[in-house]
Number of protein chains: 2
Amino acid sequence: MTIRQDVQCDVLPVLCQSCDARCHGLCGALEPNQLVALAKASSRHSVPPGTELVGDAEAIETYSNLLSGVVKLTKGLADGRQQIVGLQFAPDFLGRPFKSESEINAEAATEVSLCSFPKAAIERMMREAPALEHRLLKQTLMELDEAREWMVTLGRKTAVEKVASFLFLIARNIDPTTDAGKESATFDLPLTRADIADFLGLTVETVSRQLTKLRTNGVIRINNNRHVVVDNVSRLQRCSGTWACSDT
Amino acid sequence: MTIRQDVQCDVLPVLCQSCDARCHGLCGALEPNQLVALAKASSRHSVPPGTELVGDAEAIETYSNLLSGVVKLTKGLADGRQQIVGLQFAPDFLGRPFKSESEINAEAATEVSLCSFPKAAIERMMREAPALEHRLLKQTLMELDEAREWMVTLGRKTAVEKVASFLFLIARNIDPTTDAGKESATFDLPLTRADIADFLGLTVETVSRQLTKLRTNGVIRINNNRHVVVDNVSRLQRCSGTWACSDT
DNA sequence: CGACCTCTTGAGGCAACTCAACGGAGGTGG
DNA sequence: CCACCTCCGTTGAGTTGCCTCAAGAGGTCG
């Protein structure tokens with residue numbers, strides 16, 4: 001969708017005109033006048049990796065659209081053990097409606113840019129525009145599907161399969177050149193080895209070993225520790241255990 | 001809420017008058033006249049344990065309210081490995097809106113009674129009554145919270161902690177006598193050892209051993225393989241790893 | 001240059017898995 | 001009534017996959 005197709009584009013807030021969230025994100029559910037109202041209360045900002053966006057048991061004051069970068073959602077146990085329970089990519093919506101507290105942490109995994117609005121503004125708008133709530137329901141259902149898919153990975157897959165599943169997940173969400181049916185993928189890992197371990201329920205060492213194994217088997221190539229090339233995506237998928245795997 | 005408080009209770013469908021789903025379930029979001037319309041298209045039935053309610057990759061034709069019993073949601077890998085990705089208790093809503101197919105199986109874990117309506121009826125009603133969609137969003141968000149809580153259990157807890165977490169989960173959802181602050185709980189396990197293993201990402205043998213360990217440590221008592229008594233719920237919770245545990 | 005961080009690799013240990021045997025509960029049929 | 005089967009759960013012995021601990025390489029920053 002280009003700007004020319006927006007009949008009222010001249011009245012839209014400048015920031016929103018080229019914003020991906022309006023096409024594929026939550027704002028797509030809003031009428032132009034609603035968008036104007038929301039934009040008045042919104043602000044954009046960029047934060048460096050490691051920034052804590054929502055603290056555990058911290059009051060949630062704002063909701064945000066994730067415009068670029070990757071956000072990790074984590075939960076921790078009292079003794080320090082930690083688990084990443086979700087990754088969010090642009091243009092996901094960030095926040096937990098109907099609760100004043102969150103039991104999860106949200107932290108920028110990469111450089112992240114956000115478009116934030118006060119909690120009250122979006123909740124009022126949600127009451128007025130059922131389409132907004134509908135959009136939110138759809139995203140939540142999608143996140144639930146992803147969470148359940150990941151539960152299979154956590155509970156039933158081996159270490160190699162876990163790492164391959166993770167790489168496959170990232171390839172689908174990060175690589176801008178990925179088309180359906182495309183057989184190769186290239187991307188930078190948005191997470192450190194420690195983060196990957198927390199995501200997969202493994203240790204750093206095991207993650208490192210499995211990456212090495214996949215590399216020596218020719219399933220992936222790695223440059224500079226972060227840059228990954230997958231020549232044959234379906235081979236990677238086969239290693240992820242979703243189907244039978246012979247390349248481990 | 002008793003029947004006397006329903007000013008129009010005489011026009012309500014007979015089946016709905018004493019139905020828990022109207023108080024705490026999805027039907028609570030409906031006006032009396034909507035309830036009448038939906039009730040006309042609905043039907044109640046009971047099924048024995050093991051009945052498949054929604055098959056993998058099978059078209060979903062009906063939605064249901066779960067009136068009693070426990071339903072397990074499972075996902076499988078090609079080679080037979082299986083993982084339970086969710087448990088549903090009364091009065092949960094059963095079904096996946098906005099998708100014609102489900103990638104998960106739903107199976108009755110115990111004797112289960114349902115109140116079902118055709119997919120089309122509920123989807124039409126959802127467009128008319130935003131309150132219904134709102135209620136659905138709330139349940140979905142709750143399920144997402146539970147799924148994420150469980151990801152921590154799957155990824156980061158030891159076998160004992162997993163089993164204790166499971167027992168704690170069941171105690172909260174099953175024991176009809178459980179009050180907040182009550183220190184004891186009594187219930188029948190709704191799942192076989194094999195099911196519990198699939199829920200926890202363990203093997204049957206390991207589940208059995210950990211149950212024995214909790215029993216010999218006096219955390220739980222077990223009669224007839226299925227009936228469990230927990231004298232000290234907070235001690236059980238301590239074993240679940242949410243906080244530090246000294247009783248393993 | 002040293003301090004620090006991330007990542008890799010190796011050696012050894014342990015928690016959970018695999019394989020195997022057995023006992024009890026429930027059903028069926030002679 | 002008992003003999004026999006199947007299903008479910010328990011327990012033991014041995015194995016293995018991942019964790020733990022330790023060392024070192026490469027990169028970045030003050």
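Here is the naming used below: chain letters follow the sequence lines, and residue numbers restart at 1 for every chain.
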N or O in side chain of B:T203 less than 4.0 angstrom from C:dC17 OP1/OP2: yes

Nearest-Å distance for atom pair NZ/P, residues A:K157 and D:dC18: 14 Å

Nearest-Å distance for atom pair CG/C1', residues A:N224 and D:dT28: 14 Å

Short side-chain N/O contact to D:dG9 OP1/OP2 from B:R226, under 4.0 Å: yes

Rounded distance (Å) that lies between atom C1' of D:dG17 and atom CG of A:L200: 16 Å

Euclidean distance, atom CZ of residue B:R193 to atom C1' of C:dA25 [Å, nearest integer]: 14 Å

5' precedence on DNA chain C between A:R156 and A:N225 (nearest-nucleotide basis): A:N225

Donor-acceptor contact below 3.5 Å, side chain A:Q88 vs main chain A:L66: no

Donor-acceptor pair under 3.5 Å, B:R209 side chain vs C:dT18 base: yes

B:K162 NZ to C:dC17 C1', straight-line distance once rounded to whole Å: 12 Å

Between C:dC7 (P) and A:R215 (CZ): distance, integer Å: 13 Å

Parallel, tilted or perpendicular, as decided by the 30° and 60° cut-offs, for the rings of A:F199 and A:W150: parallel

First of A:L191 and B:T206 reached from the 5' end of DNA chain C, by closest nucleotide: A:L191

Whole-Å distance separating the CG atom of B:D198 from the C1' atom of C:dC17: 15 Å

Sugar-phosphate only, base, or nothing, as touched by A:L211 at under 4.0 Å among non-hydrogen atoms: nothing

B:T192 side-chain proximity, nearest of D:dC18, D:dG9, C:dT8: D:dG9

Residues B:E103, B:R96; criterion salt bridge (Lys or Arg N to Asp or Glu O under 4.0 Å); working and verdict: CA-CA 10 Å; B:E103 302 104 0; B:R96 174 65 168 86; over 6 Å; no

Sugar-phosphate only, base, or nothing, as touched by A:S208 at under 4.0 Å among non-hydrogen atoms: base

Closest nucleotide among C:dC17, D:dC19, D:dG9 to the A:L202 side chain: D:dC19

base_contact_polar (D:dC18 base, A:E205 side chain, donor-acceptor, <3.5 Å): no

Whole-Å gap separating P (D:dT10) and CD1 (B:I222): 6 Å

Side chain A:R156, main chain B:L202, donor-acceptor under 3.5 Å: yes

Name of the residue among A:L53, A:V54, A:V85 meeting side chain to side chain contact (heavy atoms under 4.5 Å, CB included) with A:L73: A:V85

D:dG17 phosphate, OP1 or OP2, under 4.0 Å from A:T158 side-chain N/O: no

